[in-house]
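Here the structure comes first, spelled out in structure tokens, and everything after it is commentary.
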Amino acid sequence: MSPGAEPGGPARLLLHWYDANGRQLPWRVRSGRPDPYAVWLSEVMLQQTTVAAVGRYFTDFLRRWPTVEALAAAPREEVLAAWAGLGYYARARNLHACAQVVAKELGGRFPSTAQELRKLPGIGPYTAGAIAAIAFGEPVAAVDANAERVIARFRAIETPLPDAKPEIRRVAQELVPLARPGDFAQALMDLGSMICTPRRPDCMACPWREPCVGLAKGMAERLPRKVPRRAKPAREGDAWLILREDGAVLLRRRPDKGLLGGMVELPSAGWDGMETVWPGRTPFDLAFVRCKEDVRHVFTHFSLMLRIWRTEYPVSQNFAVDAPFFWQPRSHLRNAGLPGVMRKAAVAALGEPL
DNA sequence: GATACGTGGCG
DNA sequence: TCGCCAAGTAT
């Protein structure tokens with residue numbers, strides 16, 4: 001038995017609290033073992049993403065592609081389009097790649113250990129632990145930002161992140177009970193999101209208030225320490241909405257790698273370090289009007305101000321384009337799979353919702 | 001090991 | 001308005 005699992009130990013205290021206070025979430029099942037496919041899908045969606053943001057994406061994906069085989073058989077563009085708006089699009093590319101490995105090479109079954117899961121695309125240390133513990137009952141830790149914060153406070157670990165990661169992971173693993181490791185993982189995350197919050201933690205309601213060293217030392221709220229972030233540089237650029245006589249809009253699929261890799265965008269330039277490529281002729285052969293409202297958007301490592309232009313007059317049906325450009329009917333623009341920034345740009349250019 | 005990689009909510 | 005933060009991974 002791990003140290004935390006003894007009667008009155010931290011794991012027992014936490015699981016007791018979890019049974020009474022844990023959140024009901026779409027990907028959690030009350031009875032029996034959850035479907036590894038659903039666990040994997042939810043964990044990938046939840047990487048660096050809030051529960052609220054994942055919202056309907058999870059249920060929509062599960063309804064549309066109920067099995068890993070179904071997802072593997074789906075065209076990649078459809079998976080990327082369904083992911084549009086969630087961000088970190090490498091996750092969607094890796095999700096599809098992972099589904100194909102599981103479906104084609106592993107007989108449709110996910111590996112049952114963290115060590116094996118870790119080898120699959122898009123599955124790192126956290127996700128491997130989460131799937132192994134939740135879906136297969138392996139007694140391994142799933143250390144996300146919640147767990148890091150909770151553990152750092154619990155043991156008053158003053159080493160700043162990310163240097164503290166190894167120690168935090170070691171402590172977390174020691175606490176994992178042999179029984180209910182999956183519930184323990186989820187309980188730790190619920191504790192971090194409901195009680196042991198980044199600011200103003202509710203220590204008096206915490207099941208670990210007695211053994212918590214950070215609380216005893218009066219330093220819980222100031223942990224974990226972190227190295228300061230770099231300021232985001234500001235970038236600017238232009239995006240053009242080119243309308244055809246029949247109402248179709250000119251779009252472009254971005255290269256597979258890098259920023260918004262594989263996603264669809266309005267033709268744009270000047271902001272992403274990419275060479276400007278235009279279909280046939282430059283857009284400056286056309287007459288554009290600049291839209292009143294610029295688009296502002298914040299990426300992980302820079303903030304963006306995008307000037308928005310639209311054609312003063314629609315172009316002819318004869319305006320032929322080659323890949324990666326294509327014409328998208330206005331009525332299907334909403335389903336084109338525009339990432340957040342490009343959806344904003346389209347809305348600004350059209351002056352109406354998609 | 002540092003950097004790239006989205007988006008939305010909150011104080 | 002703005003910085004912080006979020007169920008991290010890949011390179």
Side-chain angles (χ1 to χ4, degrees), chain A residues 22-23 25-28 38-55 57-58 80 83-95 97-98 117-135 141-150 161-163 165-166 169 172 182 184-194 196-201 221 224-235 254 256-263 265 272-273 295-305 337-344:
Chain A
R23 292 174 294 180
L25 298 170
W27 43 89
R28 287 186 182 168
V39 173
W40 163 71
L41 180 62
S42 68
E43 291 301 339
V44 173
M45 285 186 168
L46 287 160
Q47 289 168 3
Q48 293 285 282
T49 306
T50 59
V51 167
V54 169
Y57 284 90
F58 173 76
L80 294 184
W83 195 278
L86 249 195
Y88 282 138
Y89 298 101
R91 293 186 295 169
R93 303 195 295 272
N94 286 328
L95 187 84
C98 181
L117 286 160
R118 182 70 183 74
K119 299 174 182 173
L120 294 167
I123 299 184
Y126 162 74
T127 305
I131 298 172
I134 296 169
V143 184
D144 70 330
N146 284 306
E148 283 179 347
R149 183 173 59 254
V150 172
L161 288 170
D163 287 355
K165 281 175 182 284
R169 164 162 288 281
F184 179 80
Q186 296 177 95
L188 210 48
M189 293 187 270
D190 277 10
L191 188 67
S193 68
M194 300 167 70
C196 196
T197 50
R199 282 170 294 200
R200 301 182 59 84
E221 188 168 4
R225 292 183 183 162
K226 297 188 178 182
V227 298
R229 306 183 179 196
R230 270 189 352 197
K232 288 186 205 296
R235 298 188 195 175
R254 293 174 63 86
D256 198 54
K257 296 186 174 180
L259 186 66
L260 306 178
M263 300 300 288
E265 68 173 354
D272 59 358
V295 164
R296 292 174 191 288
H297 193 78
V298 181
F299 290 87
T300 308
H301 52 298
F302 66 93
S303 58
L304 176 65
M305 193 282 293
L338 294 174
V341 62
M342 290 299 160
R343 171 173 286 259
K344 283 187 195 173

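Source: prediction; values computed, not measured. Here is how names work: the chains are called A, B, and so on, in the same order as the sequence lines, proteins then strands, and each is numbered from 1.
Atom CD in A/Q48 sits roughly 9 Å away from atom P in C/dT9 (whole-Å rounding). Separating the CD atom of A/Q47 from the C1' atom of C/dG8 is a distance of 5 Å, rounded to the nearest angstrom. A straight line from NE2 of A/H301 to C1' of C/dG8 spans 16 Å, rounded to a whole angstrom. Atom P of nucleotide B/dC5 and atom CD of A/E265 are separated by 14 Å, given to the nearest angstrom. Rounded to whole Å, the distance from CZ on A/R235 to C1' on B/dC5 is 11 Å. When the C1' atom of C/dA7 is taken as reference, atom CD of A/E148 falls 11 Å away, rounded to whole Å. Atom-to-atom, CG of A/N146 to P of C/dG8 comes out at 7 Å; the value is rounded to the nearest Å. In this structure, NZ of A/K232 is placed 11 Å from P of B/dA4, rounded to the nearest angstrom.
As judged by a 4.0 angstrom heavy-atom cut-off over every strand, A/V341 is placed among residues touching the sugar-phosphate backbone only. Backbone-only contact: A/P121 has heavy atoms under 4.0 Å from sugar-phosphate atoms and none from a base. Residue A/L25 is classed as a base contact, given a heavy-atom separation below 4.0 Å to a base. No contact: A/G192 has no heavy atom under 4.0 Å from any strand. Across all strands, A/G261 comes closer than 4.0 Å to no nucleic acid atom at all (heavy-atom distances). Using a 4.0 Å heavy-atom cutoff across all strands shown, A/A130 reaches no nucleic acid atom at all. Counting any heavy atom pair closer than 4.0 Å across all strands shown, A/K226 reaches sugar-phosphate atoms only and no base atom. At the heavy-atom level, A/L86 lies under 4.0 Å from base atoms of the strands shown. As judged by a 4.0 angstrom heavy-atom cut-off over every strand, A/W27 is placed among the base-contacting residues.
Spacing between B/dA4 and C/dA7 at atom P, rounded to whole Å, works out to 23 Å. Comparing the C1' positions of B/dG1 and C/dT11 gives a spacing of 11 Å, expressed to the nearest Å.
The two residues A/P339 and A/A84 come nearest to each other via the heavy atoms N-CB, 4.5 Å. In this structure, A/R149 and A/T197 approach most closely via the heavy-atom pair NE-C, 3.6 Å.
Note on A/T127: a side-chain N or O is less than 4.0 Å away from OP1 or OP2 of C/dT9. Residue A/Y88 places none of its side-chain N or O atoms closer than 4.0 Å to OP1 or OP2 of C/dA6. Using a 4.0 Å cut-off, some side-chain N or O of A/R149 falls inside it from OP1 or OP2 of C/dA6.
A heavy-atom distance below 4.5 Å is not found between the side chains of A/M45 and A/L95.
Closest to the side chain of A/L259, out of B/dG6, C/dA6, C/dT9, is B/dG6. Nearest nucleotide to the side chain of A/P339, out of B/dG11, B/dT7, C/dA6: B/dT7. Ranking C/dA6, B/dG11, C/dA7 by closeness to the A/D190 side chain, first place goes to C/dA7.
If you find the closest nucleotide of DNA chain C to A/T300 and to A/R230, the one lying nearer the 5' end belongs to A/R230. Between A/R229 and A/G122, the one whose closest nucleotide on DNA chain C sits nearer the 5' end is A/R229. Mapping A/D163 and A/F299 onto DNA chain B by nearest heavy atom places A/D163 at the nucleotide closer to the 5' end.
Judged by atom type and distance alone, A/T49 does not reach the base of C/dG8 through any side-chain donor-acceptor pair under 3.5 Å.
A side-chain donor from one of A/R28 and A/Q186 sits under 3.5 Å from a side-chain acceptor of the other.
Between A/F299 and A/H297, the distance from one ring center to the other falls under 6.0 angstrom.
By the ring-ring contact (aromatic ring centres under 6.0 Å, His included) test, A/F58 pairs with A/W27, sequence neighbours left out.
Partner A/E148 forms a salt bridge (Lys or Arg N to Asp or Glu O under 4.0 Å) with one of A/K165, A/R225, A/K226 and no other, that one being A/K165.
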